[in-house]
Peer 1: 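One structure coming up, written as structure tokens, with questions to follow.
Atoms within a ligand are numbered from 1 in the order they appear, just like the ligands themselves. Positions are given from 1, in the same order as the sequence printed here.
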Amino acid sequence: MKLIHKKIPAHFLNAMPEGVKFIKKHQQDFLVVEKVYCSKGHNLMADVVRIHGELSINFRLQVGGSEGLVFLDAFWGGHAKLYNFIPDVSSTGPIVNALCPACGMSMIVKDKCRQAGCDSSQAICFALHGNQNKIYVCAKLGCPGHRMEIGNISRRVLEQVSEINYVGVHADDIFMEI
Ligand SMILES: [Zn+2]
Ligand SMILES: [Zn+2]
């Protein structure tokens, strides 16, 4: 993925929730997910796989008849993923089930994707510190839909944050044995 800078709303930067940070790369600010948990409080950040120098977000993924681990780019709007299996999208389509690698709890919740052209009504839910603030990632493989729900930040500002996405979504998927 080529990191392309998108403006992060000042209102968001002034009220950054715990678990999200912004870092400077090539003199530009990027939003990076620093710490997310399953709803039971298991840390999902993995040091074994770093993407763009940052910890990745690790969970189990079930796609059709296939299942394995995925490591997701922690850069907000970056969608690079590293799989240790080949997702089987041919049998049941691109909607996935996501599970906490520690407790096996499903992380799927009902949430209508706001991405134009996407009909998914399910999302993978990541909890930020304290389990109040949440990050929702569309459960349709390949869809860049994602949003944050942060208590003290207005819906309008959060919508602007949701629109931060980078190009090259599919080109960044990597498959390897780990
Ligand atoms: Zn868990
Ligand atoms: Zn979607």
Peer 1: Check whether N131 reaches the backbone of A127 with its side chain - one donor and one acceptor, N or O, closer than 3.5 Å.
Peer 2: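 The answer is no, because no donor-acceptor pair under 3.5 Å joins these two groups.
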
Peer 1: Specify which N/O/S atom of H42 comes nearest to the Zn ion (ligand 1), by atom name.
Peer 2: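 That would be atom ND1.
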
Peer 1: Report the angle formed at the Zn ion (ligand 2) by atom SG of C113 and atom SG of C143, rounding to the nearest 10°.
Peer 2: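 If I round to 10°, I get 110°.
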
Peer 1: Distance from R114 atom CZ to E159 atom CD, nearest 0.5 Å?
Peer 2: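 So the CZ of R114 and the CD of E159 are separated by 7.5 Å.
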
Peer 1: Would you give the angle at the Zn ion (ligand 1) between C103 atom SG and C100 atom SG, to the nearest 10°?
Peer 2: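 Once rounded, the angle between the two atoms at the Zn ion (ligand 1) is 110°.
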
Peer 1: Between F30 and F75, what is the ring plane arrangement, given parallel below 30°, perpendicular above 60°, and tilted in between?
Peer 2: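 Geometry flag for F75 against F30: perpendicular rings.
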
Peer 1: Can N58 and S56 be counted as having a side-chain donor-acceptor contact under 3.5 angstrom?
Peer 2: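 Side chains of N58 and S56: no pair found under 3.5 Å.
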
